[in-house]
There are 2 protein chains.
Amino acid sequence: MRSRADGGATAGRPRSEEAHQAILKATLDLLSEVGFSALTVEGVAHRAGVGKATIYRRWASKLPLVVEAFGELPAFEDVDSGSLEGDLKSMLRRYLENFLATPLAAAYPSLAAERAHNPDLSELLDPMLKRRRRPLARAFERARDRGELRPDVDIDLAADLVVGPIAVRLFFRGMRVHPDMVDAMVNLALSGLVSRRS
Amino acid sequence: MRSRADGGATAGRPRSEEAHQAILKATLDLLSEVGFSALTVEGVAHRAGVGKATIYRRWASKLPLVVEAFGELPAFEDVDSGSLEGDLKSMLRRYLENFLATPLAAAYPSLAAERAHNPDLSELLDPMLKRRRRPLARAFERARDRGELRPDVDIDLAADLVVGPIAVRLFFRGMRVHPDMVDAMVNLALSGLVSRRS
DNA sequence: TTCTGAACGGAACGTACTGTATCGTAATAG
DNA sequence: CTATTACGATACAGTACGTTCCGTTCAGAA
């Protein structure tokens, strides 16, 4: 995920992997501290102890840099507990436990907003988002194979149903979602809203 | 929602309501065209045909200006169809029909991201977000009173369950959500994911 | 009517940042 | 060794922020 050609084995000084990692780390640290809007390439350069040109040799601008840094943040992890309920609760609990230790809350919505006016960004983001979501999709596939899911359920939409409430609370309402809340959320998505009376 | 004191009835030239509305309109137009990041106060001033100082006399910075403009964007509208299903489908369909005609896709996530590093913003946003969500909450209250909801359902969480998938698709996945998709989404939230076999 | 004061658009200003270019030095391959 | 790429630090032209200023306009008070 290098936005700029990194040159093959040619005569010349090789790119410094140390600088590369220092830049990504500085980006994540500053995202946490000041958020996306206030993040500057100059600030990243200073924090990472590199020259600005070093950053611009690798990334065309702030946005692709933040996209790559974003890709290093925690996503859903594979869990196979034997039941959909177990998978979902475990996965979401893990995600939430990681959430507060990362700049996800500022980075993810900012990237989402940028993409509304930058179609090129979708090409960078979509594969990454899909990858990050993959463990969740697998949990649903297993559930369908086990006959746990209603037959007419669209798996993609099902995943959105489970992830949606958490995303709204974390990202849009700025709420603290404690990992213990996961149970109630998953239960609700699994059993639905309507009274069994109908 | 005036961020700067607007002076009572004193001797002096009164604030121009025309300028005020022109500024808000220019803000929304430019949000649509260039998004939050690329929106500049200088650009808004030029588009609205006002001086920069005119904007800064009313709003401390770009952020409160965008917040006020955001508050003018479509939200959920009150619908009372007699059933929860009818209410939800109607409300969400209306919301989606309006969505594409507004800069919601860029503005809302950006404000959400900003709030992660600006607690003061929560004080501006929270009342507004609550107000925008109120019709939805009322639909759930009516449903509970009619006995349509399962007795243990938390209304706030229920609303998040319904809104969540749409929010994820609109804001985070950059998907086109056609108003006709509303039926499947609401049906899924109402009936849940799990097979009736269990 | 004049006086006072707030607001107006346009412009100037110091500061910060963008993205590019440059420089002397460093690290490689051939 | 030469040629080449990369490094950090710095300079540069351009843009935008937020503040200040100016001449003009719009209102209330006297």
Side-chain angles (χ1 to χ4, degrees), chain A residues 2-27 30-31 33-68 110 114 117-118 120, chain B residues 2-27 30-31 33-69 110 114 117-118 120-121:
Chain A
R2 300 277 165 87
S3 304
R4 294 261 168 133
D6 60 359
T10 61
R13 181 173 172 172
R15 288 248 171 102
S16 163
E17 188 61 26
E18 281 187 358
H20 197 85
Q21 294 306 318
I23 293 164
L24 290 175
K25 181 179 189 302
T27 303
L30 283 172
L31 271 173
E33 289 166 34
V34 304
F36 177 83
S37 270
L39 179 81
T40 63
V41 169
E42 204 156 297
V44 171
H46 187 259
R47 176 68 70 93
V50 305
K52 268 201 291 187
T54 302
I55 296 179
Y56 283 110
R57 273 192 286 265
R58 292 164 162 80
W59 296 279
S61 65
K62 165 175 155 177
L63 195 52
L65 169 61
V66 171
V67 169
E68 179 163 347
S110 297
E114 290 298 317
H117 291 91
N118 186 346
D120 293 345
Chain B
R2 300 277 166 84
S3 303
R4 294 257 170 141
D6 59 359
T10 60
R13 181 173 173 172
R15 290 248 170 102
S16 164
E17 188 60 27
E18 282 187 359
H20 197 88
Q21 295 305 319
I23 292 164
L24 289 175
K25 182 177 189 300
T27 303
L30 283 171
L31 271 175
E33 289 165 35
V34 304
F36 178 82
S37 271
L39 178 81
T40 63
V41 169
E42 210 154 292
V44 170
H46 187 256
R47 176 66 71 91
V50 305
K52 266 202 291 187
T54 300
I55 297 180
Y56 283 109
R57 274 195 285 268
R58 292 164 161 80
W59 296 280
S61 65
K62 164 173 155 179
L63 195 52
L65 169 60
V66 170
V67 169
E68 181 166 344
S110 296
E114 291 298 319
H117 290 91
N118 185 347
D120 292 345
L121 184 56

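Order of the sequence lines fixes the chain letters, A, B, ..., with proteins taken first and strands second; residue numbering starts at 1 for each chain.
Rounded to an integer number of Å, the gap from L63(B) CG to dG18(D) C1' is 15 Å. In this entry the distance linking CD of E18(A) with C1' of dC7(D) reads 12 Å, nearest Å. For the pair L65(B) CG and dG18(D) C1', the computed distance is 14 Å after rounding to whole Å. Rounded to whole angstrom, the span from the CH2 atom of W59(A) across to the P atom of dT20(C) amounts to 16 Å. In this structure, K62(A) atom NZ and dT18(C) atom C1' are separated by 11 Å, rounded to whole Å. Taking atom CG of residue L30(B) and atom P of nucleotide dA16(D), one finds them 12 Å apart after rounding to whole Å. Atoms OH (Y56(A)) and C1' (dT20(C)) sit 9 Å apart, rounded to a whole Å.
Map P14(B) and G51(A) each onto its nearest nucleotide of DNA chain D; the residue landing nearer the 5' end is G51(A). Comparing G49(B) and A53(A), the nucleotide of DNA chain C nearest to each residue sits closer to the 5' end for G49(B).
The nearest pair of heavy atoms linking R58(A) to S16(A) is NH2-O, 2.9 Å. Heavy atoms only, all atoms of each residue included: A22(B) and A48(B) are closest at O-CB, 3.5 Å.
Counting only heavy atoms from C-beta outward, the side chains of W59(B) and I23(B) approach each other to under 4.5 Å.
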Exercise. Yes or no on side-chain contact (heavy atoms from CB on, under 4.5 Å) for R15(B) and R57(B), after CA distance, side-chain angles and deciding distance?
Worked result: CA-CA 10 Å; R15(B) 290 248 170 102; R57(B) 274 195 285 268; 4.2 Å; yes

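Note on residues 45-55 of chain B: pairs passing salt bridge (Lys or Arg N to Asp or Glu O under 4.0 Å), not counting sequence neighbours, are E33(B)-R47(B), E42(B)-K52(B).
At distances below 3.5 Å, not a single donor-acceptor pair connects side-chain atoms of H117(A) with backbone N or O atoms of F36(B).
The side chain of R57(B) contributes no N or O atom lying less than 4.0 Å from OP1 or OP2 of dA6(C). An OP1 or OP2 oxygen of dG9(C) is reached within less than 4.0 angstrom by a side-chain nitrogen or oxygen of T54(B). Taking only side-chain nitrogens and oxygens, R15(A) comes nearer than 4.0 Å to OP1 or OP2 of dA6(D). For dC7(D), one of the phosphate oxygens OP1 or OP2 lies less than 4.0 angstrom from a side-chain nitrogen or oxygen of R58(A).
Here the nucleotide nearest the side chain of R13(A), chosen from dA27(C), dT22(C), dG18(D), is dA27(C).
With hydrogens and angles left out, the side chain of K52(B) and the base of dG10(C) share no donor-acceptor pair within 3.5 Å.
The number of heavy atoms from other shown groups lying within 6.0 Å of NZ (K25(B)) does not exceed 12.
For DNA chain C, the neighbouring residues in residues 38-47 of chain A, judged by any heavy atom under 4.0 Å, are T40(A), V41(A), E42(A).
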